[in-house]
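Just below is one structure, and these are the notes that go with it.
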There are 2 protein chains.
Amino acid sequence: MGASKLQIHSKRTNDIALIAKVFAHPARVAILEYISKQKDCICSDIVDEIGLSQPTISQHLQVINKAGLLKGNFKGKSLCYCINIKRFQEFQEVFNSFFNKTKFNCC
Amino acid sequence: MGASKLQIHSKRTNDIALIAKVFAHPARVAILEYISKQKDCICSDIVDEIGLSQPTISQHLQVINKAGLLKGNFKGKSLCYCINIKRFQEFQEVFNSFFNKTKFNCC
DNA sequence: AAGTGATATTGCAATATTACAATTATATAT
DNA sequence: ATATATAATTGTAATATTGCAATATCACTT
């Protein structure tokens with residue numbers, strides 16, 4: 001096949017994997033890092049900064065956006081890509097809960 | 001193309017993506033969760049537990065292992081898949097450092 | 001309303017990932 | 001040494017992801 005068998009896992013397990021997928025590509029990590037550094041909402045030069053084509057960046061932004069990690073003004077002249085910090089913190093908490101739960105060991 | 005352009009990103013950025021990839025499949029999340037629950041090193045029934053074929057599980061274990069997240073006795077009767085907690089904590093720290101660095105915002 | 005600047009969408013090609021059947025390798029027991 | 005149980009490897013098919021050129025869309029300006 002090739003498709004992940006999502007139905008055999010718990011929602012929590014699938015959720016963790018979905019969140020991880022957002023960060024599983026360096027371009028998306030770089031985009032998030034870059035956006036977070038911009039203080040003045042001048043975020044329209046992500047393309048120049050990252051070094052990938054505009055459609056590719058747009059595609060990655062879509063993935064990030066679908067995960068709920070973006071907010072801001074996406075239209076018109078006063079464009080602004082910002083990180084949805086609330087959602088971002090949720091992600092961090094899910095990850096940390098996973099990490100903390102998984103530390104027990106046997107040898 | 002289809003291959004990620006790794007050379008345009010910093011090592012740190014690529015590292016974060018590589019770490020995230022380990023957790024970007026629910027089967028691997030489930031495997032890690034399952035292993036961490038086993039107290040007696042009897043870890044040979046991951047296949048039954050997860051619901052994927054033995055080769056598929058083996059493949060996922062290889063991904064987890066290549067990331068340095070496994071330790072234990074992989075051969076013979078006294079099999080034992082254990083989580084390399086030290087490495088696991090490293091992962092958690094890298095993630096948290098990324099999350100914490102990326103929280104600044106503009107709107 | 002036509003032009004401009006910026007982002008989104010579409011279509012396509014290349015590579016990566018996922019999954020499993022068949023097989024092989026390895027360690028232990030008899 | 002043979003048998004058994006378990007895990008790794010190989011081969012193959014299907015799906016997903018990545019990337020970009022071409023095009024379309026959208027908001028604003030003049």
Side-chain angles (χ1 to χ4, degrees), chain A residues 1-9 13-14 17-31 34-35 38 40-67 70-82, chain B residues 1-9 13-14 17-31 34-35 38 40-67 70-82:
Chain A
M1 301 279 150
S4 302
K5 287 188 160 181
L6 300 175
Q7 70 282 4
I8 65 174
H9 306 290
T13 300
N14 282 323
L18 278 177
I19 292 174
K21 268 191 187 174
V22 177
F23 308 110
H25 194 288
R28 291 195 286 271
V29 174
I31 288 170
Y34 179 68
I35 290 179
Q38 300 310 107
D40 305 328
C41 284
I42 307 164
C43 304
S44 59
D45 43 353
I46 305 176
V47 172
D48 300 332
E49 177 68 19
I50 308 288
L52 289 166
S53 75
Q54 180 268 318
T56 303
I57 295 292
S58 184
Q59 211 168 282
H60 282 303
L61 277 170
Q62 206 176 46
V63 173
I64 297 171
N65 191 34
K66 270 184 184 164
L70 290 185
K71 67 171 186 178
N73 188 16
F74 298 1
K75 300 187 175 178
K77 197 190 175 187
S78 57
L79 262 170
C80 174
Y81 292 105
C82 291
Chain B
M1 302 274 152
S4 302
K5 286 190 160 181
L6 300 175
Q7 70 282 3
I8 65 175
H9 306 290
T13 300
N14 283 322
L18 278 176
I19 292 174
K21 268 190 186 176
V22 177
F23 308 111
H25 194 289
R28 290 194 286 271
V29 174
I31 288 170
Y34 179 68
I35 291 178
Q38 300 309 109
D40 302 329
C41 283
I42 306 164
C43 305
S44 59
D45 42 354
I46 305 177
V47 173
D48 300 334
E49 178 67 20
I50 309 288
L52 289 166
S53 74
Q54 181 266 318
T56 302
I57 295 293
S58 185
Q59 210 168 281
H60 282 304
L61 277 169
Q62 206 175 47
V63 174
I64 298 171
N65 190 34
K66 270 184 184 165
L70 290 185
K71 68 172 185 177
N73 188 17
F74 298 1
K75 300 189 174 178
K77 197 190 176 188
S78 56
L79 259 172
C80 174
Y81 291 106
C82 290

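Below, read A as the first sequence line, B as the second, and so on, with proteins coming before strands; counting in each chain starts at 1.
Among all heavy-atom pairs drawn from A:Asn14 and A:Leu6, the shortest one is ND2-O, 3.0 Å. Contact between A:Ala24 and B:Ala24 at its shortest, heavy atoms only, is CB-CB, 4.1 Å.
For the residue pair B:Tyr81 and B:Asn65, no side-chain donor N or O sits within less than 3.5 Å of a side-chain acceptor on the partner.
When the side-chain nitrogen and oxygen atoms of A:His25 are compared with OP1 and OP2 of D:dG19, one or more of them lie within a distance under 4.0 Å. Between C:dT17 and B:His60, no contact under 4.0 Å exists linking OP1 or OP2 to a side-chain N or O. For C:dA6, neither phosphate oxygen OP1 nor OP2 lies less than 4.0 angstrom from any side-chain nitrogen or oxygen of A:Tyr81.
Between the CG atom of A:Asp48 and the C1' atom of C:dG5 there is a distance of 13 Å, rounded to whole Å. Regarding B:Lys5, its NZ atom lies at a distance of 13 Å from the C1' atom of C:dA14, rounded to whole Å. Here D:dA7 presents its C1' atom at 16 Å from CG of B:Leu52, a figure rounded to the nearest Å. Spacing between atom CG of B:Asp45 and atom P of D:dA5 amounts to 16 Å, rounded to whole angstrom units. Going from atom CG of B:Leu61 over to atom C1' of D:dA8 covers 11 Å, rounded to whole Å. The distance from atom CD1 of B:Ile50 to atom P of C:dT18 is 14 Å, rounded to the nearest whole Å. The CD1-C1' distance, from B:Ile64 to C:dT18, rounds to 14 Å in whole Å. When rounded to the nearest whole Å, the span between CD1 of A:Ile35 and C1' of C:dT7 equals 13 Å.
Judged by distance alone, with hydrogens and angles left aside, the side-chain atoms of B:Arg28 form a donor-acceptor pair with the main-chain N or O of B:Val22 at under 3.5 Å.
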N/O to N/O distances under 3.5 Å, protein versus nucleotides 9-12 of chain D:
{"residue": "D:dT9", "atom": "OP2", "partner": "B:Gln62", "partner atom": "NE2", "Å": "2.7"}

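By the 30° and 60° cut-offs, the orientation of the rings of B:His25 relative to A:His9 is perpendicular.
Mapping A:Ile57 and A:Lys21 onto DNA chain C by nearest heavy atom places A:Ile57 closer to the 5' end of the strand.
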Derivation and outcome, side-chain contact (heavy atoms from CB on, under 4.5 Å), residues B:Leu70 and B:Ile35: CA-CA 10 Å; B:Leu70 290 185; B:Ile35 291 178; 4.1 Å; yes
Trace of the side-chain contact (heavy atoms from CB on, under 4.5 Å) decision for B:Ser58 with B:Gln54: CA-CA 6 Å; B:Ser58 185; B:Gln54 181 266 318; 4.0 Å; yes
